[in-house]
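Single-structure report; data block below.
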Amino acid sequence: MTATSSPEIYAIRYAHHDGRSEAQNFIGGDPHNASAPLDFYVWAIKTAQGTILVDTGFDAAMAKKRSRTVLRPVEEGLKAIGVAPDDVRDVVITHLHYDHAGNHDLFPRARFHLQDCEMAYATGRCMCDAALRVPFEADDVTAMVRKVFADRVSFHDGDGTIAPGVTVHHIGGHSKGLQCVRVETGRGAVVLASDASHLYAHFEQRRVFPIVYDPEAVVAGYDRLKTLAASERHIVPGHDPKVLERYPAPSSALQGWVARLDVERRD
Ligand SMILES: [Zn+2]
Ligand SMILES: [Zn+2]
C-alpha cells in the first residue's frame, strides 16, 4: 500500500454454525422453521500505517465447547492475506462475546480497543445472571482485564478514532458496550456492524437477535448504522454467509473464505 491509498478491508471467515432455527436467529421466529446458518468472521483493515484487526474470533477448543465448527483458524486467514499476527498493531474488540474476543495470546504486540461500558458490563453485576452471561467466557474477560493491567487497552466512550478514517461507534443493545467500526474507503464509508446486525435481515427488516441486552437500543442501532454508512449497501453484518457471495474474493483460491469489502458489491 502507498501512504495515500485508501484502506483495504477483508472479511475472513473462520467458523460456521449450521442447522439453526428461525427462533435462534430472531425474537418471535418460529422454532420449526429453518433459518440461515451463521458464519463467524474477523475483519482486517489494511491501512498505510499498518493493519487493524476487528475482533479475534475463537479457537478450536472453544469451538468444541460451544458446538461450533472452525473451518480455518483465524491465524491462517490472516496469513492468506499476508498479515502476520505480530504485525497487528491495533485490535478493535466490538464486544466481549466468546466469538469475538478469544485467541487471547495471538497478537502479542497489539493494543486493544474497547468501550468503557462493555468492560463494566462484562465484569459487573449482570454477570451474576446466568441468562446474561451465556455469550461471555470468564477466560476471555479476565484476559482482557490482564491486558488493562499490562497497559495494552485503550478505552472508548461512544465515538473514538483508531487511525485516520477508521473510527468506532458505540451501538448498545446486543451487548451493553458493543461498538461498530466505520472505515472511509474508495467506495465510501463502509460500516462493519459486527453484532449490531448479525444478518442482513436484522437491519433490513428491523428484527432482533435473541441474545440481547436492550431491544430498543438494537433497533435504534439500525438507524445509527445507516447514518454512519455511505448507503445501506455499505453496511456489513457480523455473521451473514451472504457477505462472501456479495463481495469478491481477493483471489480464486480464497473464494468462500475471504472477501474484499472496500470494493463494490457484486450484486
Ligand atoms: Zn455477540
Ligand atoms: Zn457474534
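Positions are given from 1, in the same order as the sequence printed here.
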N/O donor-acceptor pairs under 3.5 Å from side chains in residues 182-192, not counting sequence neighbours:
from   : atom 1 : to     : atom 2 : distance (Å)
Arg182 : NE     : Leu228 : O      : 2.8
Arg182 : NH1    : Glu184 : OE2    : 3.3
Thr185 : OG1    : Arg187 : N      : 3.1
Thr185 : OG1    : Gly188 : O      : 2.7
Arg187 : NE     : Leu261 : O      : 3.1
Arg187 : NE     : Val263 : O      : 3.3
Arg187 : NH2    : Tyr247 : OH     : 2.7
Arg187 : NH2    : Leu261 : O      : 3.2

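For the side-chain contact (heavy atoms from CB on, under 4.5 Å) test, residues two or more places apart in sequence or in another chain that qualify with Val258 are Tyr10, Ile12, Ile81, Pro250, Leu254.
In terms of heavy-atom proximity, Leu178 sits nearest to Ala193 at CD2-O, 4.2 Å. Taking each heavy atom of Gly238 and Tyr41 in turn, the nearest pair found is O-CD1, 3.3 Å.
For Arg68 and Tyr98, the positive end is not near the middle of the six-membered ring at less than 6.0 Å and at most 45° from its axis. A cation-pi geometry, defined here as NZ or CZ lying under 6.0 Å from the six-membered ring centre and within 45° of its normal, holds between Lys147 and Phe112.
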Q: Any chance you could lay out the ring-ring contact (aromatic ring centres under 6.0 Å, His included) test for Phe209 and His239, step after step, and finish with the verdict?
A: CA-CA 11 Å; Phe209 193 79; His239 288 277; 7.3 Å; no
Q: Assess whether side chain to side chain contact (heavy atoms under 4.5 Å, CB included) is satisfied between His174 and His198, documenting all intermediate values.
A: CA-CA 10 Å; His174 168 65; His198 286 67; 3.4 Å; yes
**Q.** Working for side chain to side chain contact (heavy atoms under 4.5 Å, CB included), residues Phe203 and Lys226
**A.** CA-CA 9 Å; Phe203 79 83; Lys226 290 172 190 171; 4.1 Å; yes
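Here the CD atom belonging to Gln24 is positioned 9.5 Å from the CD1 atom belonging to Ile211, to the nearest 0.5 angstrom.
A single hydrophobic cluster is seen to contain both Leu53 and Phe40, as judged by linkage of ILVMFWY side chains at heavy-atom distances under 4.5 Å, directly or through other members.
No donor-acceptor distance shorter than 3.5 angstrom exists from the side chain of Arg246 to the backbone of Asp267, with no hydrogens or angles considered. Judged purely by atom type and a 3.5 angstrom limit, Asp240 uses its side chain to pair as donor or acceptor with the backbone of Tyr200.
Ring-centre distance between Tyr222 and His202: not below the 6.0 Å cut-off.
Pairs engaging residues 73-83 under the side chain to side chain donor-acceptor pair (under 3.5 Å) rule: none recorded [sequence neighbours left out].
Side-chain contact check for Pro241 versus Leu199: some heavy-atom pair is nearer than 4.5 Å.
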